[in-house]
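Single-structure report; data block below.
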Amino acid sequence: MDNTVMNDMGNDLGNVPADTWRGEAQSAGTPRRRRSRRPAHAARKQSNDSFSARDAILFCGVPVLVVLLVRLLLIGCYTIPSRSMESTIEPGDRVLTTKLTPKIFGLKRGDIVVFHDPANWLAGETGRAANDDYLIKRLIGLPGDTVECKGAGRPITVNDVAIDESAYIKDGVQPSSFPFKVTVSAGHVFVMGDNRSNSADSRFHQDDGDGGLVPMGKVVGVAVARYWPLNRLSTLSGHHEVFKDVPEGSAS
């Protein structure tokens, strides 16, 4: 069979396959779009290489926001100006506190608590900023506990159980140089400094509105570590084992 093909003008195109000349005719009549030799992903890659303002905000802003949230909601930082917690905490030490206690977790005997001045305890003290009303002490009694000492040379008792405070009380210092007996009311705690000879704590304020007790609502956190100076970097212990034999208070 003759494969000779005639074009529209009657010219002999010879033995050229029909699909070939049809393709050429189509090419001549309709411009064909040229395909880019650049890989399809190249344009996207070029866009990703540019560092936009949004990227800068995400790169710098998100970490700052995370730090601020942690600082505001989870961690407190405080500088200690007094000697009331020696030798556990020295003047000039900086401590970290967890704000999860007492907001989420309950307070325990032995916790080192930071709290707002409950009843003008700081009156007359110098060297503090006007808005700095924080104190730091060790929690000795919970609501319902009876905290007592019969005087110099005698131990502190909690609910009639003597406690051995040698793990944290300053060397050479008496648990208390004078006798006292306090029953902790609901919603309050009884606190004492580790340096009992230089701590105006719950023992000294029994004539104020709360009888020397600290309302739990005033407690802002529990100290967990010293972070400055670096040569004193360490965790801070609540020494909860000291109170392991103390029974629950009568009105807790």
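Atoms considered below: every heavy atom in the structure, side chains included; atoms not considered: hydrogens, waters and symmetry mates. Residues: numbered from 1 along the sequence shown.
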#### Entry: Thr79 side chain to Arg94 backbone, donor-acceptor under 3.5 Å
no

### Task
Just grab all the salt bridge (charged side-chain N to carboxylate O under 4.0 Å, His left out) pairs involving residues 198-212, residues at least two apart or on different chains.
Asp201-Arg203

### Task
Determine the minimum heavy-atom distance between Thr183 and Leu213, stating which atoms define it.
O-CD1, 4.3 Å

#### Entry: Residue pair Ala223 / Ile136: nearest heavy atoms and the distance that separates them
CB-CD1, 4.2 Å

### Check: Val182 and Ser202 side chains under 4.5 Å, non-hydrogen atoms
no

### Query
Among pairs that include at least one residue of residues 166-179, which meet salt bridge (charged side-chain N to carboxylate O under 4.0 Å, His left out), considering only residues two or more places apart or in two chains?
Glu86-Lys170

### Distance in Å, Ser199 OG paired with Met192 CE, rounded so as to fall on 0.5 Å steps
7.5 Å

### Task
Any pair with a residue in residues 170-191 that passes ring-ring contact (aromatic ring centres under 6.0 Å, His included), sequence neighbours left out, goes on the list, sorted by first then second residue, please.
Phe178-Phe204, Phe180-Phe190

### Message
Within the 4.5 Å heavy-atom criterion, are Leu100 and Leu74 side-chain neighbours or not?
### Response
yes

### Query
How would you list, by chain and number, every residue that makes a ring-ring contact (aromatic ring centres under 6.0 Å, His included) with His116, sequence neighbours excluded?
Tyr134

### Message
Testing the basics here: between Glu248 and Asp145, what is the closest heavy-atom pair and its distance to 0.1 Å?
### Response
C-OD1, 4.4 Å

#### Entry: Minimum heavy-atom distance Ser166-Ile169, with the two atoms named
CA-CG2, 4.1 Å

### Task
Quick one: list whatever passes side-chain hydrogen bond (donor to acceptor under 3.5 Å, both in side chains) with Asn198, sequence neighbours left out.
none

### Message
Against Arg196, only a single residue in Ser84, Ser176, Pro175 fulfils side chain to side chain contact (heavy atoms under 4.5 Å, CB included); can you say which?
### Response
Pro175

### Task
Could you give me the CA-CA distance, side-chain angles and deciding distance for Leu236 and Val224, then say whether side-chain contact (heavy atoms from CB on, under 4.5 Å) is met?
CA-CA 5 Å; Leu236 292 170; Val224 294; 5.8 Å; no

### Query
Would you say the side chain of Ile80 lies within less than 4.5 Å of the side chain of Met85, judging by non-hydrogen atoms?
no

### Under the side-chain contact (heavy atoms from CB on, under 4.5 Å) test, residues paired with Leu107 that sit two or more places apart
Thr101, Pro102, Asp111, Val113, Leu139, Leu142, Val189, Met216, Val219, Val222

### Results of side-chain contact (heavy atoms from CB on, under 4.5 Å) for Ser237 - residues two or more places apart only
His239

### Task
Could you note down all residue pairs passing salt bridge (charged side-chain N to carboxylate O under 4.0 Å, His left out) where residues 215-237 supplies at least one of them, sequence neighbours left out?
Asp93-Arg232

### Query
Is there a chain of hydrophobic side chains (I, L, V, M, F, W, Y, each step under 4.5 Å between heavy atoms) that links Val191 to Val173?
no

Atom pairs and distances, side-chain donor-acceptor, residues 147-157, under 3.5 Å, sequence neighbours left out:
unit_1	atom_1	unit_2	atom_2	d
Glu148	OE2	Lys150	NZ	3.2
Thr157	OG1	Glu148	O	3.4

### Straight-line distance of Lys137 NZ to Ile112 CD1, nearest 0.5 Å
12.0 Å

### Task
Could you tell me whether a side-chain N or O of Asp117 sits under 3.5 Å from a main-chain N or O of Asp133, the two making a donor and an acceptor?
no

### Query
For residues 206-228, which residue pairs qualify under ring-ring contact (aromatic ring centres under 6.0 Å, His included), counting only residues two or more places apart or in two chains?
none

### Gly212 to Trp121 - nearest heavy-atom pair and separation
O-CZ2, 3.4 Å

### Query
Is the side chain of Thr97 donor-acceptor paired with the backbone N or O of Gly221 at a distance under 3.5 Å, no angle test?
no

### Query
What residues form a side-chain hydrogen bond (donor to acceptor under 3.5 Å, both in side chains) with Tyr168, not counting sequence neighbours?
Glu165

### Message
By the salt bridge (charged side-chain N to carboxylate O under 4.0 Å, His left out) test, which pairs, at least two apart or in different chains, include something from residues 178-195?
### Response
Arg138-Asp194

### Query
Are Phe243 and Ile140 side-chain neighbours, meaning at least one heavy-atom pair lies under 4.5 Å?
yes

#### Entry: Non-hydrogen atoms of Leu96 and Ile75 that approach each other most closely
CD2-CG2, 3.8 Å

